[in-house]
Amino acid sequence: MPILIETPRLIIRELVPEDADGLFEMDSDAEVHRYIHQSPIKTMQEADDAIAFIRKQYADNGIGRWAVMDKTTNEFLGWTGFKLMTEVANGHINHYDFGYRFKRSVWGKGIASESGAASLTYGLEALKLKPVFAMTDVKNMVSRHILEKLGFRFVEEFNYDGPLPWGILPDRLVTWYELPAERYWP
């Protein structure tokens, strides 16, 4: 699988079926799902289906979340990147949602910041993606801090009743972040 992005510690590439074990480990953890408001997955088939769904996004939209791999061990750590949002979210449609999710074992180690910064740069400079927004649960202060560290600007909280890029739960209070115009022209 070709490498999209390389950082000092990470390889970022498309998700492939062989990532199912790592995705299952991450998404079967209830703590990983605390703020995404969907049940942890219970079967390998669900992990396979999630990867197939993301791979369909690559084919249909030319973009989807990317696997984040440890450069030294080739261990699957989680995912980062973009999703084309084709449903209305906070009055916006056909925009790129930026996000990330990681195994609990790598939380607090700077993986979200490192992979997020690299994937944002790649998305903006190489792929010319815009506009880019991000959403997160209002209570997820760690994710909110990471988004702000990556240059996103908090806009507002809103009650979102549609499909979220990380799951579906109606009538949720979420935060809306935007990537300011100056980030598109580094």
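Under the 4.5 Å side-chain heavy-atom criterion for Ile, Leu, Val, Met, Phe, Trp and Tyr, F152 and V142 are members of the same hydrophobic cluster. Under a hydrophobic-cluster definition in which Ile, Leu, Val, Met, Phe, Trp and Tyr are linked whenever side-chain heavy atoms come within less than 4.5 Å, directly or via other members, L84 and L127 are assigned to the same cluster. Criterion: ILVMFWY side-chain heavy atoms under 4.5 Å apart, direct or through other members. Under it, F98 and I54 are part of a common hydrophobic cluster. No single ILVMFWY cluster, assembled from side-chain heavy atoms under 4.5 Å apart, contains both F76 and M44. With hydrophobic clusters built from ILVMFWY side chains whose heavy atoms lie under 4.5 angstrom apart, I63 shares a cluster with L150.
We find the CD-CG distance between E25 and L77 to be 9.5 Å, quoted to the nearest 0.5 Å. Put simply, OG1 on T43 and CD on E46 are 4.0 Å apart, with the number rounded to the nearest 0.5 Å. A distance of 7.0 Å separates CG of L15 from CG of L23, quoted to the nearest 0.5 Å. Between K139 atom NZ and R34 atom CZ the span is 10.5 Å, to the nearest 0.5 Å. From D21, atom CG reaches atom CE of M26 across 13.0 Å, with rounding to the nearest 0.5 Å. Between the OG atom in S28 and the CD1 atom in I41 there is a gap of 6.0 Å [rounded to 0.5 Å].
Among all heavy-atom pairs drawn from A20 and A47, the shortest one is O-CB, 3.7 Å. Summarising the geometry of P40 relative to A30, their closest heavy-atom pair is CG-CA, 3.5 Å, with the distance given to 0.1 Å. In terms of heavy-atom proximity, V32 sits nearest to R104 at CG2-N, 4.0 Å. Between K149 and S113, the closest heavy-atom pair is NZ-OG, 3.5 Å. Scanning both residues, Q57 and F53, for their nearest heavy atoms gives NE2-CE2, 2.9 Å. The two residues G116 and S119 come nearest to each other via the heavy atoms O-OG, 3.3 Å.
By the 4.5 Å heavy-atom criterion applied to side chains, V174 and T136 are not counted as neighbours. Side chains of N90 and M135 form no contact here, defined as non-hydrogen atoms less than 4.5 Å apart. Within the 4.5 Å cutoff, no side-chain heavy atoms of D48 are placed close to those of F24.
Checked against M69 for a side chain to side chain contact (heavy atoms under 4.5 Å, CB included), the options D19, I3, L10, I12 give a single hit: D19. Here the rule is side chain to side chain contact (heavy atoms under 4.5 Å, CB included) with T80, and of I5, V68, I111 only V68 fits it. Among Y58, W79, Y122, the single residue meeting the ring pair (Phe, Tyr, Trp, His ring centres under 6.0 Å) criterion with W66 is Y122. S143 pairs in a side-chain hydrogen bond (donor to acceptor under 3.5 Å, both in side chains) with only one of the listed residues (Y100, Y35, Y177), which is Y100.
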>> Pair L120, L179 - check side-chain contact (heavy atoms from CB on, under 4.5 Å), show working.
In response: CA-CA 10 Å; L120 268 174; L179 201 58; 4.0 Å; yes
> Could you walk me through whether W176 and H92 pass the side-chain contact (heavy atoms from CB on, under 4.5 Å) check?
Replying inline: CA-CA 11 Å; W176 182 260; H92 296 80; 3.4 Å; yes
> V106 and E75: side-chain contact (heavy atoms from CB on, under 4.5 Å), yes or no, with the steps?
Replying inline: CA-CA 11 Å; V106 300; E75 175 188 2; 5.6 Å; no
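Scored by the side-chain contact (heavy atoms from CB on, under 4.5 Å) test, T121 finds E125 as partners (sequence neighbours excluded). Take S105 and apply the side-chain contact (heavy atoms from CB on, under 4.5 Å) test, not counting sequence neighbours, and it matches K103. Residues forming a side-chain contact (heavy atoms from CB on, under 4.5 Å) with K56 (at least two apart in sequence, or on another chain): D60.
Residues W107 and F102 place their aromatic rings such that the two centres sit no closer than 6.0 Å.
A donor-acceptor contact shorter than 3.5 Å is absent between the side chain of Y96 and the backbone of A134. R144 contributes a side-chain N or O that, together with a main-chain N or O of V138, makes up a donor-acceptor pair within less than 3.5 Å. Panel note: side chain K71, backbone T7; a donor-acceptor pair is recorded below 3.5 Å. Looking only at distances, a side-chain donor or acceptor of H33 sits under 3.5 Å from a matching main-chain atom of D27. Looking at E114, its side chain does come within 3.5 Å of a backbone N or O of R9 through a donor-acceptor pair.
Ion pairing between R55 and E14 holds under the 4.0 Å rule for side-chain N and carboxylate O.
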